[in-house]
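Residue numbers begin at 1 in each chain, while the letters A, B, ... track the order of the sequences. The analysis underlying the following values was restricted to heavy atoms, covering all of them including side chains, and did not include hydrogens, waters or symmetry mates.
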2 protein chains.
Amino acid sequence: MKKKKKNENSSKIFEGHDHGACFGDAITQIEDYFIQKKLQLTPLRRKVFEILIEDHKPLGAYEILDKLGKAGFSSSPPIAYRVLDFLIEHGFVHKVQGLNAFIACSNPKHSHFPTFVICRKCEKVAEVSEEKSGLNLPSPEITNFKIEKTTIELTGICSTCENAEIR
Amino acid sequence: MKKKKKNENSSKIFEGHDHGACFGDAITQIEDYFIQKKLQLTPLRRKVFEILIEDHKPLGAYEILDKLGKAGFSSSPPIAYRVLDFLIEHGFVHKVQGLNAFIACSNPKHSHFPTFVICRKCEKVAEVSEEKSGLNLPSPEITNFKIEKTTIELTGICSTCENAEIR
DNA sequence: GATTAGTGTGTTATGTTATAACATGTAATG
DNA sequence: CATTACATGTTATAACATAACACACTAATC
Ligand SMILES: [Zn+2]
Ligand SMILES: [Zn+2]
Ligand SMILES: [Zn+2]
Ligand SMILES: [Zn+2]
């Protein structure tokens, strides 16, 4: 009895997911959040978020600008950067520093001290929540430092790519 | 008798240190390492490292280039970036992604999964070794991902600056 | 000892990422 | 209707980084 639980093998962080559901959930979540916080989910902001959640992979600001242009929006740099900053501020987008790229948050309801796991070969990026990353932040060394923001990125090679490597 | 032990209060990661000794030690360490590994510690490489260890704070590539220029070296961008890449590769320099800047490693003998603690107000940056950061990386979630490089940066406000803030 | 390969530096040009500063439009508030 | 807040648009430029090629020096290799 019991359906097979997803993520029973917890180590497969790069595995695919039901992206149709993911996309819909994400849109619903951002809509609800914006209403609740009395923020404006304008066409531009919505479009930027959709662009990011659609591919669900990191995109550079100028890639986003291209897509905005094709969708009829202005595509001068400040347009993208401003909206991205706004979405980041509200936890719906993260910047992946190691790639100078932006990615939709996998779960805005969770902590905002996420870890990004980046395969240098297939370039897949997985967001791992604080709870699951095992990175227990505030150490004795840094207890009197007030952490406001974290950048935690683990770069390496995923098992799939490693197995494929010619050694 | 006993000299006062440094870092007895382990939480004061931003505290000053005996930089004369630090500077000397760092130079000795890099010299030894280069000899042992049969690498060339050329005047340019030495100068770049000296520039970084002298201030012992993050410097942008173009700041380093300025200083190189004033010291009689070429100051076109590839000069700095090449040497920085080399020093990073060998663990004597780290890049602080959040600042697009480079900083001399506080202890090249230690792990190379360091944590950087960055005060957004006074802009001080402290490198905390893996051992002391409390960030025990390989979590169950990511055990079949081979980590090659980490970027761990904690941005916030140090206790000194927080106490000084007008609330 | 000429040839080759490896390494380190120099130079020019260009690519990529990000922001400053200012202008315009629209809606809510008084 | 003046004022404010906010969202977007535009131009120009700043800041960060790399490609591609040239040259010098050293150390093998033939
Ligand atoms: Zn997230
Ligand atoms: Zn991979
Ligand atoms: Zn270090
Ligand atoms: Zn501070």
Provide, to the nearest angstrom, the distance between the [atom1] atom belonging to [X] and the [atom2] atom belonging to [N].
X: A:Leu59; N: C:dT16; atom1: CG; atom2: C1'; result: 16 Å
X: B:Ile79; N: C:dG10; atom1: CD1; atom2: C1'; result: 5 Å
X: A:Ile88; N: C:dT17; atom1: CD1; atom2: P; result: 15 Å
X: B:Leu84; N: C:dT9; atom1: CG; atom2: C1'; result: 15 Å
X: B:Leu39; N: C:dT9; atom1: CG; atom2: P; result: 12 Å
X: A:Arg46; N: D:dT8; atom1: CZ; atom2: P; result: 13 Å

> Can you name the side-chain hydrogen bond (donor to acceptor under 3.5 Å, both in side chains) partners of A:Asp25, sequence neighbours left out?
Replying inline: none
> Along nucleotides 14-25 of chain D, 5' to 3', which nucleotides get a B, which get an S, and which get a -, given that the test is a protein heavy-atom distance under 4.0 Å?
Replying inline: --BBBB------
> Which letters describe nucleotides 25-30 of chain C, given B = protein heavy atom under 4.0 Å from base, S = only from sugar-phosphate, - = neither?
Replying inline: ------
>> Could you report the tightest heavy-atom contact between A:Ala126 and A:Ile13, atom names first, then the distance?
In response: CB-O, 3.6 Å
Set of ring pair (Phe, Tyr, Trp, His ring centres under 6.0 Å) partners for [X], sequence neighbours left out:
X: A:Phe34; result: A:Phe86
X: A:Phe116; result: A:His94
X: A:Tyr33; result: A:His90, A:Phe92

Would you find a donor on one side and an acceptor on the other, under 3.5 Å apart, between the side chain of [X] and the backbone of [Y]?
X: B:Arg45; Y: B:Val83; result: no
X: A:His19; Y: A:Ile53; result: yes
X: B:Glu153; Y: B:Ile118; result: no

> If you group Ile, Leu, Val, Met, Phe, Trp and Tyr by side-chain heavy-atom gaps below 4.5 Å, do B:Phe49 and B:Tyr81 land in one group?
Replying inline: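 Both belong to a single hydrophobic cluster.
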> For DNA chain C, which residues in residues 66-75 of chain A have a heavy atom at a distance below 4.0 Å?
Replying inline: none
>> Using five base pairs at each end to define the local axes, how bent is the helix from C:dG1-D:dC30 to C:dG30-D:dC1, to the nearest 10°?
In response: 10°
[atom1]-[atom2] distance between [X] and [Y], expressed to the nearest 0.5 angstrom:
X: B:Ile64; Y: B:Leu52; atom1: CD1; atom2: CG; answer: 4.5 Å
X: B:Ser129; Y: B:Asn107; atom1: OG; atom2: CG; answer: 7.5 Å
X: A:Ile152; Y: B:Leu154; atom1: CD1; atom2: CG; answer: 6.5 Å

> Which residues pass the side chain to side chain contact (heavy atoms under 4.5 Å, CB included) test with B:Glu148, sequence neighbours left out?
Replying inline: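 Once residues adjacent in sequence are excluded, the partners of B:Glu148 under the side chain to side chain contact (heavy atoms under 4.5 Å, CB included) criterion are A:Arg120, A:Ile157, B:Lys146.
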> Taking only residues two or more places apart in sequence or in another chain, which ones pass side chain to side chain contact (heavy atoms under 4.5 Å, CB included) with B:Ser159?
Replying inline: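 A:Asn144.
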Table of protein N/O atoms under 3.5 Å from nucleotides 5-7 of chain C N/O atoms:
{"unit_1": "C:dT7", "atom_1": "O3'", "unit_2": "B:Gln40", "atom_2": "NE2", "d": "3.4"}

> Which pairs, with at least one residue in residues 57-67 of chain B and sequence neighbours excluded, count as a salt bridge (charged side-chain N to carboxylate O under 4.0 Å, His left out)?
Replying inline: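 Every salt bridge (charged side-chain N to carboxylate O under 4.0 Å, His left out) pair that includes a residue of residues 57-67 of chain B, provided the two are not neighbours, is B:Asp55-B:Lys67.
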> Do the charged groups of B:Glu31 and B:Arg46 touch, with an N to O distance under 4.0 Å?
Replying inline: yes
